[in-house]
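As the structure is a computational prediction, the values presented were derived from the model and not from experiment. Lettering follows sequence order; numbering is per chain, from 1.
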Protein chains: 2
Amino acid sequence: MNYNRIYTGDSNKLLRDVSIFRSASVDLIVTSPPYGKKRKHAYGGVKPDRYVEWFLPISKELFRILKPKGSFILNIKEGATDCERETYVLELVLALKEQGWLWIEEFCWYKKNSFPGKWRHRFRDSWERCYHFARQSEFKMYQDAVKVPIGDWSTDRFRSMSHKDYIRNVSGTNSKMGRNVANWLNRRRVYPHNVLVFEQEHYERIPNIVRFPTACRNHNHSAVFPLELPTWFIKLFTKPSGIVLDPFVGVGTTAIAAALLNRRYLGIEIVSEYAQAARRRVREARALKDCHGV
Amino acid sequence: MNYNRIYTGDSNKLLRDVSIFRSASVDLIVTSPPYGKKRKHAYGGVKPDRYVEWFLPISKELFRILKPKGSFILNIKEGATDCERETYVLELVLALKEQGWLWIEEFCWYKKNSFPGKWRHRFRDSWERCYHFARQSEFKMYQDAVKVPIGDWSTDRFRSMSHKDYIRNVSGTNSKMGRNVANWLNRRRVYPHNVLVFEQEHYERIPNIVRFPTACRNHNHSAVFPLELPTWFIKLFTKPSGIVLDPFVGVGTTAIAAALLNRRYLGIEIVSEYAQAARRRVREARALKDCHGV
DNA sequence: CTGCACTATGAATCGCTAA
DNA sequence: GTTAGCGATTCATAGTGCA
C-alpha cells in the first residue's frame, strides 16, 4: 500500500477503491470540503439543498477507511442566502450521526482576518466550524501534544486576578480544582480549549514558498486553511508515522502539515491543476524540512 | 400595561397571558434558557430528548409577543453526554424555522476566561452559541451603536498621509472630519463581526455589586452571562425606551442591562428566590446609575 | 538584515439588472 | 416568475520593495 500520495480524481469514486484505501487503515481524516453554494463556481459548486445527499456516500467510505480509534475533522461553514443562514450543515451533522459517526465536539475556528464588507442585516463572518467525529468513544487523543504556553490563550483575566481571587473563583465551582490552582498557575504550558485562534507568532514559522506558492495563486481555488489548522489536529490525533487522509486536499495544505510532522499522508483532489500544485508544494516542503529542519 | 417588572412564574404559562404580554409589543427578546441536562437540577433541568418539545410552546408565544421588526437572541450551548455532544440545539434551530422564525445568524460568544480543566476526550468548552432569530427579514438593527475601536494595525498604517484608504475615507465623509485628522484617526471605529469577546476594558465599567452580587454567587443558577452580553444585543437591536423581554431572567442580568441603557424590561423567573434577587439587583443598578451616572 | 511604507486580496453578502 | 451575473461595501493580514 502506498502512502504519501496525492491522487487526482473524484473522492466519491476513488474512496471506494479498497485496494488504495483499505478499511481501518487511516488514523486521521482532516478535510474542508467545498461548501454549499447557491451558484455554481468553477470549483466545487454543490447546491445547499443537495449537500447532505452529496456528502453521505463519501462519509460512508471515510467511516470504512478510518481506524476504529481514529478521528475525522470536518471544517465547514454554512453561508447566508436572502438574509438567512443555510441549514445544510446542521442537517449534515444529524445525518452523519445516523450514519454511525459519534459527534464528539465542535471547535470554533476564530478567523480574525475575515472577509470585509457591510450589510444591513449582518456583520462579517469571522468563524468556521471544525467538527470532530469519531467511530467510537475510545478514540485516541494526544492532548499533551497541543499544550500552549500560558498567556497565549487569553489568560489575561488570570494574570490580572490576584491569587486569592483566583482560588476563590475556582473553589466556588469545584473543590478538587481549587486544590490544583497553584499547579495550574505555576505550569508553563496548559491545555487549550475548543476555540482555535491561529496567530502566526505563536507557531513555527513556515517558509513562504510553502505557504503561498506563486503558481497556485490567482487560481480560482478559494479554500486554503492555514497550515496551522491541520497541524494542530494532526498533533492532537496522531503520532509520528501516523496516516492522515484529506479527500479534498486542494493545494495540499493537509499533506504538507502531515509531511512536516513526520506523518504519512493521502490526498485526493479532483482538479488536476491543484493536485499537481499539491504534489509540488509537498515536495518543496519536504526539501525545506530536510535542509533546514523546519 | 406595566413595564420594568420581573414576574415570578412559569414562562410556559405566563407568556400566554395576553393582558401582560400583548402581541407585537416587544422590541427584543434576549434569553438564556436552562440548558438540557441529563440529570435534573434544582433549577431548570430539562432533559435533552424533550428539549425541543418543551421549548416550542414558549417560542410560539415569543413570536406572538415580538414586534414584527424585532429580534430574538437565544444564548444556548449543548452539553456532552457519554463523550458525545447533544443534538437538541441543532434540532431546535430547525424546529424554530418550522415555527416561522428566520434564522439570521449564529454569533459565537468566545468566553476567554473560562477556567482551566481537562477531560479525557475533550478540552474546555470556551464558547457558546447566540442565535439571532427574527420574524421577518426587515428587522431593525442599529449597527452603529456597537462599533468597536479599529485594530492596532491602523496605528502604523495611518501614519502615512498619502494612503489610498485614508484619502478615500476623509474625502468620503465631511470636511469637518478632514480638519481634525489626528483626532479622527485615533477615534476611528469599525463594525464588529460575529465572534463576541467581551473584554472589560472596552466597555463601561460596572460596579461589582451589580456584576456579581454576593447573594447570588455560588447559587446553582445555570445561566449567568456577563452584563456585557445583553448590553451588546440591546444596543444593537433597540433604541432608548425600547422594550426588552427575558423569559428566563434568572438573577436579572438582562433587566439590569436594559435599565442601565434606558430601555424598559420585562422578565420572568420561576424560582422566586432568583426573581427577588433580580428585583433587588435592578433596583441597586438603577440607584447607582442615578447617583453616579454609570 | 531590520524596519517601515505601501499594495493586494481573501470559502462574503445583498440588491439590482438583464435574460 | 426565476435565475445568473455584477458592483458596492469593508478590514486585517501577508507580501513586496526600499531605505
Aromatic ring proximity, centroids under 6.0 angstrom, B/F233 and B/H132
no
A/K37 NZ - D/dG5 P separation (whole Å)
15 Å
Strand partner of C/dA11, provided both Watson-Crick or wobble distances fall under 3.5 Å:
none
Which of A/L245, A/V26, A/L62 passes side-chain contact (heavy atoms from CB on, under 4.5 Å) with A/F21? Answer is A/L245
From CG of A/D82 across to C1' of D/dT3 the rounded distance in Å is 12 Å
Planes under 30° and centres closer than 5.5 Å, is that true for A/F115 with the base of C/dA11?
no
Compute both the distance and the angle, then confirm whether B/K147 meets the cation-pi test with B/Y191: under 6.0 Å from the six-membered ring centre, within 45 degrees of the axis.
yes
Measure from CG on A/L227 to P on D/dT13 and round the result to the nearest Å.
18 Å
For D/dC11 and B/R188 - does any side-chain N or O of the residue sit under 4.0 Å from the phosphate oxygens OP1/OP2?
yes
I need the NZ-P distance between A/K112 and C/dA11, as an integer number of Å.
18 Å
In whole angstrom, what separates A/F225's CZ from C/dA11's P?
12 Å
Atom CH2 of A/W127 and atom C1' of C/dG10 are separated, to the nearest Å, by 20 Å
Hey, is the side chain of A/R122 poking within less than 4.0 Å of OP1 or OP2 on C/dA12, counting only N and O atoms?
no
Taking a pair as Watson-Crick or G-U wobble with both distances under 3.5 Å, which nucleotide is matched to D/dT10?
none
Spacing between A/K118 atom NZ and D/dT10 atom C1', to the nearest angstrom:
10 Å
